[in-house]
Amino acid sequence: IAGCSALMVAGFGLQHAIASVVDMQYDAIFLYDAMAVFEEDRIVLQEIAQQLDNSSLVEESMAVRQSTIDISRASVTKNLYLFVPEDPQALSDYVTLRHRGDGEAITLPEEGAVLTEKMARLLDVEVGDTVTLSPDGGQSYSVQVVDITENYTLNLIYLSPSQYEALWGQPVSYNSFLVNMTPDATEDALSSQLLTNNNILMINYTASSGSQFHDIVDSLNYIVLVL
């Protein structure tokens with residue numbers, strides 16, 4: 001009986017912890033409503049930017065580059081998302097960068113990278129350390145980690161466009177738009193409007209992603225019930 005009780009307490013504790021993490025990630029850190037992914041092309045970028053500007057369902061939007069990339073330090077190599085916002089000064093409208101301990105806001109600098117916490121732990125990286133970024137089948141680039149940001153799902157490294165261009169030696173090729181919808185807009189309405197453009201490959205909604213994680217958390221109820 002004591003063992004079962006301990007398992008039940010552990011189950012409820014795990015459920016509460018995961019639920020809290022989901023809320024923090026999708027309510028306090030990922031602030032944008034949607035991410036529209038499109039074919040990498042400058043003309044397509046301009047076309048979609050105009051479409052978003054003209055939409056009555058969109059309050060604001062910003063182009064970003066998000067792609068998977070290898071990151072390494074010493075003998076450890078991991079995979080994460082490279083995230084480059086077109087306008088670092090506007091990033092706080094879409095994503096919160098902050099220190100987990102004191103909640104102090106982090107500004108994405110022109111030089112250096114901001115790394116999420118879990119990846120920093122996995123690589124044993126501290127502020128001031130240098131990491132190596134390696135695109136698939138491409139050259140490797142070294143960059144200094146100038147700050148570490150709170151994060152709970154996914155692993156990311158944030159670079160400014162100028163830092164990206166300094167490393168890669170070419171302008172950023174954006175492949176997504178972060179979108180904040182107007183208060184009365186719905187996901188279905190926005191999808192119906194934007195997906196008429198064949199260059200938009202998919203739209204991911206933050207609320208839907210959060211709901212999927214909550215569904216996983218809710219399934220823990222059945223595990224606790226069995227215990």
Side-chain angles (χ1 to χ4, degrees), residues 17-18 20-32 35 37 40 62-178 204 206 209-210 213:
I18 296 175
S20 298
V21 163
V22 171
D23 289 339
M24 285 187 285
Q25 185 70 45
Y26 292 97
D27 291 338
I29 295 177
F30 287 167
L31 305 179
Y32 60 89
M35 176 182 284
V37 181
E40 292 182 34
M62 178 174 66
V64 300
R65 176 172 182 81
Q66 181 167 286
S67 57
T68 56
I69 191 170
D70 285 341
I71 182 172
S72 58
R73 180 172 181 267
S75 60
V76 180
T77 299
K78 300 291 182 181
N79 192 260
L80 83 173
Y81 285 101
L82 170 68
F83 193 101
V84 185
E86 184 178 34
D87 181 3
Q89 298 304 313
L91 181 61
S92 59
D93 290 341
Y94 304 90
V95 178
T96 298
L97 300 183
R98 68 185 184 190
H99 297 148
R100 181 167 55 86
D102 57 15
E104 181 184 357
I106 298 171
T107 300
L108 183 61
E110 290 296 312
E111 297 182 359
V114 175
L115 185 63
T116 50
E117 281 183 309
K118 182 179 178 181
M119 186 55 69
R121 289 196 301 270
L122 291 173
L123 296 177
D124 193 24
V125 167
E126 298 180 351
V127 172
D129 289 340
T130 297
V131 296
T132 300
L133 303 178
S134 304
D136 291 339
Q139 184 178 347
S140 296
Y141 309 97
S142 295
V143 64
Q144 185 180 54
V145 174
V146 296
D147 223 324
I148 296 171
T149 186
E150 177 182 9
N151 199 73
Y152 299 96
T153 64
L154 308 179
N155 296 304
L156 302 102
I157 188 165
Y158 295 87
L159 297 180
S160 70
S162 58
Q163 179 64 87
Y164 179 96
E165 291 176 19
L167 294 174
W168 268 255
Q170 60 186 23
V172 183
S173 180
Y174 297 103
N175 60 6
S176 304
F177 273 96
L178 301 184
N204 296 318
T206 304
S209 298
F213 275 100

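Starting from 1, each residue takes its place in the sequence as its number. Every heavy atom of this structure was used, including side-chain atoms; hydrogens, water molecules and symmetry mates were not.
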[atom1] of [X] to [atom2] of [Y]: how many Å apart, nearest 0.5 Å?
X: Q163; Y: Q144; atom1: CD; atom2: CD; result: 9.5 Å
X: Q66; Y: S176; atom1: CD; atom2: OG; result: 6.0 Å
X: F177; Y: E86; atom1: CZ; atom2: CD; result: 6.5 Å
X: I29; Y: R98; atom1: CD1; atom2: CZ; result: 5.5 Å
X: M35; Y: L178; atom1: CE; atom2: CG; result: 5.0 Å
X: K118; Y: I148; atom1: NZ; atom2: CD1; result: 15.0 Å

Could you check whether any side-chain N or O of [X] sits under 3.5 Å from a backbone N or O of [Y], counting only pairs where one atom can act as donor and the other as acceptor?
X: D147; Y: V127; answer: no
X: S160; Y: E110; answer: yes
X: R65; Y: S173; answer: yes
X: E40; Y: N175; answer: no
X: T206; Y: Y32; answer: yes
X: T116; Y: L156; answer: yes
X: T132; Y: S140; answer: no

For a 4.5 angstrom cut-off between non-hydrogen side-chain atoms, does [X] reach [Y]?
X: Y158; Y: V95; answer: yes
X: N155; Y: I71; answer: no
X: T68; Y: Y81; answer: yes
X: V114; Y: P109; answer: yes
X: L91; Y: M62; answer: yes
X: L159; Y: W168; answer: yes
X: L80; Y: K78; answer: no
X: T149; Y: L115; answer: no

Least distance between heavy atoms, [X] atom then [Y] atom:
X: L108; Y: P85; value: CD2-CG, 3.7 Å
X: T153; Y: N151; value: O-ND2, 2.7 Å
X: R100; Y: Y152; value: CD-OH, 3.2 Å

Is it the case that atom [atom1] in [X] sees more than 12 heavy atoms from other parts of the structure closer than 6.0 Å?
X: E126; atom1: CD; value: no
X: E111; atom1: CD; value: no
X: Y141; atom1: OH; value: yes

V64 and Y94: CA distance, side-chain angles, deciding distance, side-chain contact (heavy atoms from CB on, under 4.5 Å) verdict: CA-CA 11 Å; V64 300; Y94 304 90; over 6 Å; no
With side-chain contact (heavy atoms from CB on, under 4.5 Å) as the criterion, how do D124 and R73 come out once you've worked through the C-alpha distance, each side chain's angles and the decisive distance to 0.1 Å? CA-CA 8 Å; D124 193 24; R73 180 172 181 267; 4.2 Å; yes
Determine, stepwise, if the pair V143 / V131 fulfils side-chain contact (heavy atoms from CB on, under 4.5 Å). CA-CA 6 Å; V143 64; V131 296; 3.9 Å; yes
